[in-house]
Amino acid sequence: MREGAGSIIGIVATDAPLLPHQCVRLARRAALGVARTGGAGENSSGDGFLCFATGNRDLPPNVMGAHPARTFQVTALADDHIDPLFYAAIEATEEAIVNALLCAETMTGADGFTAHALDGVRLAALL
């Protein structure tokens, strides 16, 4: 496999009350976590990230009735307070990648190509 080949798909989930455009912004931050581990979004990369928020769970059900409500209220986090979520998404993505790398075992694949497991002690020293 040539260097830079491969893709990452990430899901960012939060129980913060976010609006759809805030979820898009939060999902974009996951790419910074990939960058912290050395990924650069090369040409062959198809990295993609999604985000969902469950902070507005108490919305009324979408009931088809004689007099359904025209509007309802949602709660949204003010943009001035979203930075901690951005940092959390970055750090969680970085940690997930490092954890996956440390769980991998040495294996030999097609054409005798061998991918060696990482030594966790050496990696910790490097980080």
Side-chain angles (χ1 to χ4, degrees):
M1 179 182 277
R2 67 184 199 286
E3 188 173 326
S7 300
I8 292 177
I9 298 172
I11 307 295
V12 179
T14 180
D15 62 356
L18 300 183
L19 297 173
H21 76 279
Q22 292 173 311
C23 285
V24 170
R25 295 177 64 209
L26 190 56
R28 288 181 181 150
R29 295 323 191 269
L32 297 174
V34 174
R36 282 186 174 182
T37 61
E42 289 85 358
N43 180 58
S44 63
S45 177
D47 301 343
F49 303 96
L50 299 172
C51 173
F52 68 90
T54 62
N56 280 301
R57 285 189 182 166
D58 297 327
L59 298 179
N62 188 9
V63 177
M64 300 297 285
H67 302 287
R70 285 183 172 241
T71 63
F72 53 86
Q73 295 202 4
V74 297
T75 302
L77 182 68
D79 283 339
D80 287 344
H81 299 281
I82 201 168
D83 283 349
L85 292 178
F86 289 165
Y87 289 112
I90 294 166
E91 291 172 13
T93 303
E94 178 184 23
E95 183 173 346
I97 292 168
V98 170
N99 286 343
L101 290 171
L102 289 173
C103 288
E105 298 175 359
T106 298
M107 58 184 276
T108 301
D111 299 324
F113 178 80
T114 300
H116 295 280
L118 293 178
D119 178 338
V121 174
R122 288 185 62 202
L123 180 61
L126 291 170
L127 292 175

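From a predicted model like this one, the values you see are computed outputs, not experimental measurements.
For Arg28, there are no side chain to side chain donor-acceptor pair (under 3.5 Å) partners two or more places apart in sequence or in a different chain. Partners of Asn56 according to the side-chain contact (heavy atoms from CB on, under 4.5 Å) rule, which considers only residues two or more places apart in sequence or in another chain, are Pro17, Leu59, Val74, Thr75. Considering only residues two or more places apart in sequence or on other chains, Leu50 meets the side-chain contact (heavy atoms from CB on, under 4.5 Å) condition with Ile11. Scored by the side chain to side chain donor-acceptor pair (under 3.5 Å) test, Thr108 finds Thr114 as partners (sequence neighbours excluded). Every residue two or more places apart in sequence or in another chain that forms a salt bridge (Lys or Arg N to Asp or Glu O under 4.0 Å) with Arg25 is listed here: Asp79. For Asp47, the side-chain contact (heavy atoms from CB on, under 4.5 Å) partners are Ser7, Ile8, Val34, Ser45, Phe49, not counting sequence neighbours.
Identified under the salt bridge (Lys or Arg N to Asp or Glu O under 4.0 Å) test for residues 87-112, with sequence neighbours left out: Arg36-Glu94.
Taking both residues in full, the closest heavy atoms of Gln22 and Ala78 are given as NE2-C, 4.4 Å, listed atom of the first, atom of the second, then distance. The minimum heavy-atom distance linking Ala27 with Cys51 is given by the pair CB-CB, 3.8 Å.
Listed by chain and number, the hydrophobic cluster partners of Leu77 are Val12, Leu18, Leu26, Ile82, Leu85, Phe86, where partners are ILVMFWY side chains within reach of under 4.5 Å, directly or through others.
Asp58 contributes atom CG, which lies 12.0 Å from atom CZ of Phe72 (distance to the nearest 0.5 angstrom).
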Determine all donor-acceptor pairs shorter than 3.5 Å in which one atom belongs to a side chain in residues 116-127; sequence neighbours excluded.
| residue | atom | partner | partner atom | Å |
| --- | --- | --- | --- | --- |
| Asp119 | OD1 | Val121 | N | 3.0 |
| Asp119 | OD1 | Arg122 | N | 3.4 |

